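All values derive from a computational prediction rather than experimental measurement.
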Amino acid sequence: MRGTCCWFNRRTEQRFRLLAISTVKSLKIKILLCCCVALTLLAFSSTASSFVLWNNPTLPPPSRFPSSRKGYSIVMNTWKRYDLLKQSIKHYSTCPRLESVHIVWSEPDPPSDVLLKYLHHVVKSKSRDGQHVKLRFDINKEDSLNNRFKEVKDLETDAVFSIDDDVIFPCSSVEFAFDVWQSAPDTMVGFVPRVHWVDSLKEDSNKFRYGGWWSVWWTGTYSMVLSKAAFFHKKYFNIYTNEMPSSIREYVTKNRNCEDIAMSFLVANATGAPPIWVKGQIFEIGSTGISSLGGHSERRTECVNTFASVYGRMPLVSTSVKAVDSRNIWFW
């Protein structure tokens with residue numbers, strides 16, 4: 001009887017001890033959860049207060065740019081498509097860090113007074129803080145695709161956004177591409193990728209083929225971004241015009257094609273690095289162009305092989321990297 005009582009007391013004591021341990025653990029977990037909730041509320045209140053400050057109309061928002069604005073310039077190629085030119089200038093004039101627009105004009109007649117008046121009115125109407133985008137016409141006597149890469153004497157920015165008048169990108173995409181370019185200012189950063197590869201049907205391993213968008217989509221690789229929508233450093237204008245082999249410029253003028261491939265070769269040869277493809281939504285506002293003509297891929301393949309022969313090697317570098325603005329997508 002006495003042994004049974006002792007056993008009962010030990011059993012009861014053990015249960016109380018386990019209960020006490022369980023209670024302490026539960027209390028610790030509750031304290032930890034309370035701390036987490038408190039920290040979350042503190043962080044939210046801090047974020048909320050900063051949000052209120054940002055949206056308080058009585059307080060000026062923080063300046064996005066330094067007092068000495070240093071953005072980018074657009075160099076836009078155009079040819080007798082005045083409605084498209086007007087539409088493009090009207091759109092890009094609203095981009096926050098755009099400093100100036102230089103229109104490459106290679107038509108036999110100078111721009112009309114009506115066109116000039118309209119475009120200058122557009123950029124002034126889009127002025128920001130009393131400052132508006134500077135508009136310049138770079139008049140060329142000769143009609144050549146090389147004109148789009150002539151050195152611009154009054155270019156005030158290092159960054160150049162080369163664009164055709166028949167494609168439009170949202171300003172948010174252009175600004176993101178500019179940020180990407182600033183991280184690698186010697187390379188080309190653009191929205192329209194293309195690819196080259198060794199022609200397996202030829203016995204000569206130094207023969208290449210040019211691939212368009214579907215080739216990029218299928219392989220997941222690219223080695224060029226076209227200058228119809230690309231950022232690059234203004235120094236490449238001087239290199240293209242004065243240092244690149246003249247036979248390439250002559251080829252471009254004669255065939256009225258491949259100036260964009262020539263620029264891709266030039267930058268790749270100077271850097272030994274691939275370009276950077278930026279994902280962006282593109283709006284084609286034109287209906288016709290060189291790429292719509294029959295035999296386009298064959299002519300581009302001929303350009304690639306001709307330029308590689310001039311350089312004595314293939315400077316283009318392939319990559320599969322794509323820059324994506326994760327702020328505008330749900331999954332990345």
State whether the number of non-hydrogen atoms from other residues, nucleotides or ligands found under 6.0 Å of W217 atom CH2 is greater than 12. no

Counting only N and O atoms by type, is there a donor-acceptor contact under 3.5 Å from the side chain of N147 to the main-chain atoms of E142? yes

Measuring only between side-chain heavy atoms, which start at C-beta, is Y311 closer than 4.5 Å to I248? yes

Taking every non-hydrogen atom, the tightest pair across Y251 and E302: OH-OE2, 3.2 Å

List the atom of S318, the atom of S223, and the distance in Å for their closest heavy-atom pair. OG-CB, 3.8 Å

Does Y222 form a side chain to side chain contact (heavy atoms under 4.5 Å, CB included) with S320? I'd like the steps, not just the answer. CA-CA 6 Å; Y222 64 97; S320 57; 5.9 Å; no

Please report the closest heavy-atom contact between M244 and A262, naming both atoms and the distance. SD-O, 4.2 Å

Salt bridge check, D154 against R136: does any charged N sit closer than 4.0 Å to a carboxylate O? yes

Starting from W79, can I reach Y92 by hopping between I/L/V/M/F/W/Y residues whose side chains sit under 4.5 Å apart? no

Mind checking whether W214 and V192 sit in one hydrophobic cluster, side chains of I, L, V, M, F, W, Y counted as touching below 4.5 Å? yes

Side chains of L316 and N269 in contact at under 4.5 Å (non-hydrogen atoms): no

Do W218 and W213 sit in the same hydrophobic cluster, where Ile, Leu, Val, Met, Phe, Trp and Tyr count as joined when their side-chain heavy atoms come under 4.5 Å apart? yes

Considering all heavy atoms, the nearest F231-V174 contact: CE1-O, 3.6 Å

Taking atom NZ as the centre, does K207 end up with more than 12 heavy-atom neighbours from other residues, nucleotides or ligands that are less than 6.0 angstrom away? no

Using the ring of each side chain (for Trp, its six-membered ring), is F169 parallel, tilted or perpendicular to F191, with breaks at 30° and 60°? parallel

Can you tell if the side chain of S88 reaches within under 4.5 Å of the side chain of I285, non-hydrogen atoms only? yes

K235 vs D186, salt bridge (Lys or Arg N to Asp or Glu O under 4.0 Å): CA-CA, chis, key distance, verdict: CA-CA 9 Å; K235 65 184 178 182; D186 285 331; 2.7 Å; yes

Assign the ring pair F232 / Y236 to parallel, tilted or perpendicular, where the plane angle (0 to 90°) is split at 30° and 60°. perpendicular

So that I can tick it off, tell me whether D166 and R81 are bridged by a salt bridge, with the cut-off set at under 4.0 angstrom between side-chain N and carboxylate O. yes

Electrostatic pair D164:R148 at N-O distance under 4.0 angstrom: yes

List the atom of H296, the atom of N257, and the distance in Å for their closest heavy-atom pair. ND1-ND2, 4.2 Å

Is any side-chain heavy atom of D260 less than 4.5 Å from a side-chain heavy atom of K228? no

Salt bridge between E175 and R97, side-chain N to carboxylate O under 4.0 Å? yes

Do D143 and E107 have side chains that approach each other closer than 4.5 Å (heavy atoms only, starting at C-beta)? no

Centroid-to-centroid, Y210 to H196, below 6.0 Å? no

Is it the case that atom NZ in K90 sees more than 12 heavy atoms from other parts of the structure closer than 6.0 Å? no

So does A230 get a backbone contact from the side chain of S227, meaning a donor-acceptor N/O pair under 3.5 Å? no

Looking at D138 and K153, is any side-chain nitrogen of the basic one under 4.0 Å from a carboxylate oxygen of the acidic one? no

More than 12 heavy atoms of other residues, nucleotides or ligands under 6.0 Å from NZ of K86: yes or no? yes

More than 12 heavy atoms from other groups under 6.0 Å of CZ on R313: yes

NZ/NE/NH1/NH2 to OD/OE distance under 4.0 Å, E156 and K134: yes

pair H233-W181: side-chain heavy atoms closer than 4.5 Å: yes

Group every Ile, Leu, Val, Met, Phe, Trp and Tyr by side-chain heavy-atom contacts under 4.5 Å, then state whether F283 and L226 land in the same group. yes

Tell me whether V75 shares a hydrophobic cluster with I139, the cluster being built from Ile, Leu, Val, Met, Phe, Trp, Tyr side chains joined at under 4.5 Å. yes

Indicate the atoms forming the closest heavy-atom contact of G211 with S215, along with that distance. CA-OG, 3.6 Å

Do I74 and L98 have side-chain heavy atoms sitting under 4.5 Å apart? yes

Sidechain-backbone polar pair: T253 side chain, R249 backbone, donor-acceptor under 3.5 Å: yes

Can you find a pair of side-chain heavy atoms, one from V180 and one from F178, that are under 4.5 Å apart? no

What's the verdict on salt bridge (Lys or Arg N to Asp or Glu O under 4.0 Å) for D109 and K80, showing C-alpha distance, side-chain angles and the deciding distance? CA-CA 10 Å; D109 298 322; K80 295 185 177 181; over 6 Å; no

